[in-house]
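What's counted below: heavy atoms across the whole structure, side chains too, no hydrogens, waters or symmetry copies. We number each residue from 1, following the sequence as shown.
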Amino acid sequence: MGFFILPAMKNTAHEEFMRMAIELSEQNVKQNLGGPFGAVIVKDGKLVAKSGNRVFPEQDPTAHAEISAIRLACRQLGTHDLTGCEIYTSCEPCPMCLGAIYWARINKIYYANTQKDAAAIGFDDHLIYNELSCDMVARKLPFVQLLHDEALIAFDLWKASNPEKK
């Protein structure tokens, strides 16, 4: 039986954008800027924004790579709606980042490392995933509702000022 040589695989644009995200994650560790995470946002095959995890330099626990890239992309495109964009992340997004990706209306997520890979190095979001599926009364953080009727006034104002949003 003979052998054959497979033709060289052509790098796809998807792989190149993922490599950017991975490179950002490596730079973050090497430069001690934050966790080993990177994200790239693309629209119509063109780079819109990229960021590594910015939690340490920003002193902001919400400055994950995906959220930082979303913030940059929104500023770059002049909108809060990233419909038509795709995100490449060096790791499967945490619950907070996943929520932000949905809120931004990003069309597709490409990821490299998994939740399990992240948990293995100390970035375990299992508690949060579990908490999201619990009733409020069963969660570890107490939830106490206050001044509901007063708070509804702002919602009524919103509804009245934006009839298309009803």
Side-chain angles (χ1 to χ4, degrees), residues 18 21-22 24-41 48-166:
M18 183 58 74
I22 292 168
L24 286 164
S25 70
E26 291 173 2
Q27 286 174 358
N28 249 35
V29 175
K30 290 175 184 173
Q31 296 174 9
N32 199 30
L33 295 174
F37 305 100
V40 171
I41 297 179
V48 174
K50 63 182 182 174
S51 184
N53 178 287
R54 305 281 306 151
V55 170
F56 295 162
E58 301 292 329
Q59 297 178 339
D60 178 354
T62 68
H64 289 195
E66 295 91 338
I67 290 180
S68 296
I70 287 169
R71 290 172 179 159
L72 290 169
C74 288
R75 281 196 292 275
Q76 177 69 26
L77 296 174
T79 181
H80 67 279
D81 185 340
L82 298 180
T83 298
C85 291
E86 300 175 329
I87 189 166
Y88 296 79
T89 72
S90 63
C91 188
E92 183 178 354
C94 74
M96 177 183 66
C97 292
L98 184 59
I101 290 166
Y102 275 103
W103 278 113
R105 295 180 178 91
I106 291 174
N107 290 56
K108 190 178 251 184
I109 302 169
Y110 295 91
Y111 68 96
N113 292 322
T114 66
Q115 286 179 40
K116 287 183 181 182
D117 297 328
I121 63 164
F123 293 91
D124 189 353
D125 299 320
H126 197 72
L127 168 71
I128 299 168
Y129 282 109
N130 286 342
E131 287 286 289
L132 289 172
S133 64
C134 290
D135 288 337
M136 278 195 212
V137 295
R139 291 182 180 166
K140 295 190 183 308
L141 286 175
F143 277 68
V144 180
Q145 188 175 25
L146 294 173
L147 304 176
H148 180 238
D149 291 338
E150 290 180 34
L152 282 175
I153 294 169
F155 282 19
D156 291 338
L157 289 169
W158 175 259
K159 213 159 93 174
S161 69
N162 293 289
E164 71 277 356
K165 304 235 186 228
K166 287 183 183 177

Practice problem: Please answer whether the main-chain N or O of Val55 pairs with a side-chain N or O of Asn53 as donor and acceptor at a distance below 3.5 Å. | Solution: yes
Quiz item: Does the side chain to side chain contact (heavy atoms under 4.5 Å, CB included) test come out yes or no for Leu82 and Val48, once each step is laid out?
Solution: CA-CA 10 Å; Leu82 298 180; Val48 174; 6.0 Å; no
Quiz prompt | Minimal non-hydrogen separation, Ile106 against Cys85, with atom names | solution = CG2-O, 3.3 Å
Quiz item: How long is the gap from CG on Leu33 to CD on Glu58, to the nearest 0.5 Å?
Solution: 10.5 Å
Practice problem: Using the six-membered ring of Tyr102, assess whether NZ or CZ of Arg105 lies under 6.0 Å from its centre and within 45 degrees of the ring axis. | Solution: no
Quiz prompt | Closest heavy-atom pair and its distance - Val40, Ala21 | solution = CG2-N, 3.6 Å
Quiz prompt | Residues Ser25 and Asn28: side-chain donor-acceptor under 3.5 angstrom | solution = no
Practice problem: Taking all heavy atoms of Ala69 and all of Ala49, pick out the closest pair and write down the distance. | Solution: O-CB, 3.6 Å
Quiz item: Without hydrogens or angle criteria, can the side chains of Thr83 and Asp81 be said to hold a donor-acceptor pair below 3.5 Å?
Solution: yes
Exercise. Please report the C-alpha distance between Leu24 and Lys50 in whole Å, then the side-chain angles of each, then the deciding distance to 0.1 Å, and finally whether the side chain to side chain contact (heavy atoms under 4.5 Å, CB included) criterion is met.
Key: CA-CA 8 Å; Leu24 286 164; Lys50 63 182 182 174; 3.7 Å; yes
Quiz item: Do the rings of Phe123 and Phe37 sit parallel, tilted or perpendicular, given the 30° and 60° boundaries?
Solution: perpendicular
Quiz item: For the side chain of Ser68 and the backbone of Ser51, is there at least one donor-acceptor N/O pair under 3.5 Å apart?
Solution: no
Quiz prompt | Gap separating the SG atom of Cys134 from the CZ atom of Arg139, nearest 0.5 angstrom | solution = 7.0 Å
Quiz prompt | side-chain contact (heavy atoms from CB on, under 4.5 Å) involving Thr62 - partner list, sequence neighbours excluded | solution = Asp60, Arg71, Met96
Practice problem: Taking all heavy atoms of Asn113 and all of Asp117, pick out the closest pair and write down the distance. | Solution: CA-OD2, 3.5 Å
Quiz item: For Ala63, does its backbone N or O pair with a side-chain atom of Arg54 as donor and acceptor, under 3.5 Å?
Solution: no
Practice problem: Answer yes or no: is there a side-chain heavy-atom contact under 4.5 Å between Glu26 and Pro36? | Solution: no
Quiz item: For the atom pair CD1 (Ile101) and CG (Asn107), what is the distance rounded to the nearest 0.5 Å?
Solution: 12.0 Å
Self-check item: Considering all heavy atoms, the nearest Glu66-Cys91 contact
Solution: OE2-O, 3.6 Å
Quiz item: From Asn130 CG over to His126 NE2, what is the distance, rounded to the nearest 0.5 angstrom?
Solution: 4.0 Å
Quiz item: With a cut-off of 6.0 Å (strictly less than), are more than 12 heavy atoms of other residues, nucleotides or ligands near OH of Tyr110?
Solution: yes
Exercise. Check whether any side-chain N or O of Glu92 sits under 3.5 Å from a backbone N or O of Gln115 as a donor-acceptor pair, and report yes or no.
Key: yes
Quiz item: Is the count of non-hydrogen atoms from other residues, nucleotides or ligands lying under 6.0 Å from Tyr129 atom OH greater than 12?
Solution: yes
Exercise. Kindly indicate whether the side chain of Leu127, heavy atoms from C-beta on, has any atom under 4.5 Å from the side chain of Lys140.
Key: yes
Quiz item: To the nearest 0.5 Å, what is the distance between SG (Cys94) and CG (Asp124)?
Solution: 12.0 Å
Quiz item: Would you find more than 12 non-hydrogen atoms of other residues, nucleotides or ligands less than 6.0 Å from Phe143 atom CZ?
Solution: yes
